[in-house]
Amino acid sequence: MFPHDLFSGAPDESVPPSAAAPLGVPPSSPLLAGLNPEQLAAVTLPNGHALILAGAGSGKTRVLTTRIAWLLQNGHATPGGILAVTFTNKAAKEMVARLTAMLPVNVRGMWIGTFHGLCNRLLRAHHKAAGLPQAFQILDTQDQLSAIKRLCKQFNVDEERFPPKQLAYFIAGCKEEGMRPGDVPAHDADGRKKIELYQLYEEQCQREGVVDFGELMLRSYELLRDNDPIREHYQRRFRHILVDEFQDTNRLQYLWLKQIAGDEVAGRLQSHASVMAVGDDDQSIYAFRGARVGNMADFVREFDVQHQIKLEQNYRSYSNILDSANHLIGHNSRRLGKNLRTTQGAGEPVRVYEASSDLAEAQWMVDEIKQLVRSDGFERKEIAVLYRSNAQSRVIESALFNASVPYRVYGGLRFFERAEIKHALAYLRLLENPNDDTSFLRVVNFPPRGIGARSIEVLQDAARAAGCSLHDAVSAVPGKAGTNFKAFVAMIDVLREQTEGQSLRGIIEQMLESSGLVEHFRTEKEGADRIENLQELVNAAESFVTQEGFGRDAVALPLDEHGQPLTQSVPTQSPVSQGLDPNAPVLDEPLKPTNPTTPAGIIDSDTGETLSPLVAFLTHAALEAGDNQAQAGQDAVQLMTVHASKGLEFDGVFIGGLEEGLFPHDNSSGDRDGLEEERRLMYVAITRARKRLYLSHSQTRMLHGQTRYNVKSRFFDELPEECLKWITPKQQGFGSYAPNSGAGGAYGSSARAQFGFKSETFASPPVPPQKAAPSHGLRAGIAVFHTKFGEGKVLAIEGTGDDARAQVNFPRHGTKWLALSVAKLTVVD
DNA sequence: TCCAGCCACTTTTTT
DNA sequence: AGTGGCTGGA
């Protein structure tokens, strides 16, 4: 499926580094020192589109940042001509940080950010052309869901048949594909209904002046597509476009890139820009949320990519770890093909442990961690425990806790997602945009003001009848309810007037007071934490103001595309207008002089548009949900999901729960694509480790309050035996893998053959603790036959006697729970 | 209107 | 097991 012309190894065939490096810049330039030939080739590529296939730990970020620095240093680009896109704020920040360390460069002139952050920037700058209010608010996933629920209620949608969550997923999916309601094909009545609701949802968002994450992308894509002057301006401006983690882009993001890179003429992309896409197909683990690895192949074809470079030299791990990763990922088909190599030695073998229970597994991890810290001099923060799903963390946490080993869990609620913070933000949003009904509903009765569901319904009816927002409809509600509403609205309106011209900190403090939020939590039992968080919000705002430079260079000069201040040449005009018809109706009005008596807002360096500090802060809160835990920097063991570990590295890594059904996960192992993504996930997990890698699985595991008996993961069979060291203590009773092997013989040779049990190395008997052996003779992992569903594989057994149930995966019918007293299951030999 | 108790759900997640 | 959402009683 993918062209095999990716040259591996030496890059000199297609891209001689010497030819790429311009005269006067010897490879010995300090910037380029220490780069290997492939990295050097990538950094010094001549103009043209390029795909860099960067394996794990191959110095990808270094290449990206050095490339930018090199372009700037050698006059191939000006700061204003560079666009660098990442997926996470963290990656964007890191890029900026490394760049500033490399070069004394005006980073502000460059566009470096996440897809969503850059889209936000575009839409704020051209809000009129995009059909949005300048202060539009961004809905996060929670907000989006509650907006959909509200919509469903309003239109009496059967929430059983159309679960709001699923609708949210549907809408996000459509937008990721670049489809408006009119573009979505309808297959049946349900499909038509969903499309109708999508349409209604869009109308609601538009009415309320809010935009969800998908909309941010889609709207700015359309802005570029439909506005020739705007598109041409940016096409002319960005001469070098760099995309990080390209394998994670979805279809819309790819279309967006194409739009900004150039126009398609007669099927060929005419581009002034050079696009450098950096990615690793083997680390694509976000297909489940719309990422399309196929974008890499499309990119090569549609951009007619001339330069492809593989970075296969790994600077992270010992070869036992690396060989394991390579061997595993080799089981995937449809790869671009890449093999990591290292010059480091073999290192320690990968240790594998089989535990009898999840508790025992956790205890083993804790013991090993203590050992690593005490005897091998590992720092705790350099040790990570990775797991497939969040539910697994609890056991490990409690084991670490009991052993007094400091640890830190990633994941869970982030700062700006906490309920009390969301409430506070809702008040702030109402100050900027009274029409934001989502925010209105969130706080109209919080703290309680005696406004109940009935009153709210009346208000919603009134608003619908008048075709206005809830805020504007309050006077239409009669009686006591109306009085309550008016009081609420008056409070907001007064607050808005009071805080006019105040500092961000002042606004928030005033809001916390007037809204009664702090007061409310003071009386609540566990309100102390919440008040603390609200105080933290004030701090966050404070540091946001300083960081964004409100005080420092509040009146930042708009820069032209060379990163130079624009004031001398075009003092009153937005640089967007440069080279365009200044009166073009699609463009927003030129720079307004900032009123010196009002606090300065963020000035977009491109258009000179002023954004109020509050809007800027709210945007920041929506786009950057913040850290989930404050105590960073402490020397603590790191606990996180494999997904969360991407891009990180540790001296020691534990991967637990390597069991069929968990890793690979049940819900993914159905189809081949799903299984391949699970394998890539495992690949990512393995390649996080620098020095030591530990793998483990457990025979039993408490999951959702039920004990499950799991078969070890098939991934063990895909690792090279010579790199592994099984450290499970051998029991006497050599080879007696199956307990009670007489009982029905259900888990005899067939199960063993199917999953490749290695009885010699792997001999501890999995006697289920405190549980008698099942009488039905079924066991997870064996093949069974059902009269209706055909042949399937037992994934798990639950309960005993008449209550016993088996979870069976049938290739044709999916995974089912069957009561053994009812279902006719026979064991297949 | 508010609160308590019951029910259903549970892969991964960034923006 | 734990959580979040919803219903029904006070």
Without placing hydrogens or testing angles, list every side-chain donor-acceptor pair under 3.5 Å for residues 287-296 of chain A, not counting sequence neighbours.
| residue | atom | partner | partner atom | Å |
| --- | --- | --- | --- | --- |
| A/R292 | NH1 | A/N295 | OD1 | 2.5 |
| A/R292 | NH1 | A/D298 | OD2 | 3.2 |
| A/R292 | NH2 | A/D298 | OD2 | 3.4 |
| A/N295 | ND2 | A/T249 | O | 3.1 |
| A/N295 | ND2 | A/T249 | OG1 | 3.0 |
| A/N295 | ND2 | A/N250 | O | 3.2 |

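With respect to the salt-bridge test (charged N to carboxylate O, under 4.0 angstrom), the residues A/E519 and A/R522 qualify. Salt bridge status for A/K646 with A/E245: present, with a side-chain N to carboxylate O gap under 4.0 Å. Remark: A/E678 engages A/R388 in a salt bridge, criterion side-chain N to carboxylate O under 4.0 Å. In summary, A/R708 and A/D358 do not engage in a salt bridge, as defined by a charged side-chain N under 4.0 Å from a carboxylate O.
At a threshold of 4.0 angstrom between heavy atoms, the contacts of A/A453 are confined to the sugar-phosphate backbone, with no base atom among them. Among the atoms of the strands shown, only primed sugar atoms or phosphate atoms (P, OP1, OP2) are found under 4.0 Å from some heavy atom of A/S455. Residue A/D212 is classed as having no contact, given no heavy-atom separation below 4.0 Å to the nucleic acid. Backbone-only contact: A/Y286 has heavy atoms under 4.0 Å from sugar-phosphate atoms and none from a base. Within the nucleic acid shown, A/N390 comes within 4.0 Å of sugar-phosphate atoms alone, with no base atom in reach, counting heavy atoms only. Base contact: A/F288 has a heavy atom under 4.0 Å from a base atom. Within the nucleic acid shown, A/N89 comes within 4.0 Å of sugar-phosphate atoms alone, with no base atom in reach, counting heavy atoms only. A/L681 comes within contact range of no nucleotide atom at all, as no heavy-atom separation falls under 4.0 Å.
By the 5.5 Å and 30° criteria, A/H704 is stacked with the base of B/dT10. Stacking of the aromatic ring of A/H665 onto the base of B/dT11 is found: the ring centres lie under 5.5 Å apart and the planes are inclined by under 30°.
With B/dT12, B/dT15, C/dG2 as the choices, the nucleotide that has an atom nearest any side-chain atom of A/R388 turns out to be B/dT12.
One finds no side-chain N or O of A/R289 lying less than 4.0 angstrom from the OP1 or OP2 phosphate oxygen of B/dT11.
Atom CG in A/N445 sits roughly 13 Å away from atom C1' in B/dC3 (whole-Å rounding). What separates CG of A/L216 from P of B/dT14 is a distance of 17 Å, to the nearest Å. When rounded to the nearest whole Å, the span between CE of A/M702 and P of B/dT10 equals 19 Å. Rounded to an integer number of Å, the gap from NZ of A/K90 to P of B/dT13 is 13 Å. The distance from atom CG of A/L218 to atom C1' of B/dT15 is 15 Å, rounded to the nearest whole Å. For A/E417 and B/dT15, the CD to C1' distance is 10 Å, given to the nearest whole Å. Per the geometry, CG belonging to A/D143 stands 15 Å off P belonging to B/dT15, to the nearest Å. Protein atom CD1 of A/I285 is 8 Å distant from nucleotide atom C1' of B/dT12, rounded to whole Å.
Near-neighbour residues of DNA chain B inside residues 251-259 of chain A, defined by a heavy atom below 4.0 Å, are absent.
Using cut-offs of 30° and 60° on the angle between ring planes, the pair A/H423 and A/F446 is parallel. Using the six-membered ring where Trp is involved, A/H620 and A/F544 have ring planes that are tilted, between 30° and 60° apart.
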For nucleotides 7-10 of chain C, tabulate all protein N/O to nucleotide N/O atom pairs closer than 3.5 Å, reporting atom names and distance.
none

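For A/N156, the side-chain contact (heavy atoms from CB on, under 4.5 Å) criterion is met by no residue, not counting sequence neighbours. Legend: residues meeting ring pair (Phe, Tyr, Trp, His ring centres under 6.0 Å) with A/Y387, ordered by chain and number and at least two apart, are absent.
Position along DNA chain B of the nearest nucleotide to A/P448 versus A/T641 favours A/P448 as the more 5'-ward residue.
Counting only residues at least two apart or on different chains, the salt bridge (charged side-chain N to carboxylate O under 4.0 Å, His left out) pairs with a member in residues 140-153 of chain A are A/D140-A/K422, A/D143-A/K422, A/D143-A/R429, A/R150-A/E208.
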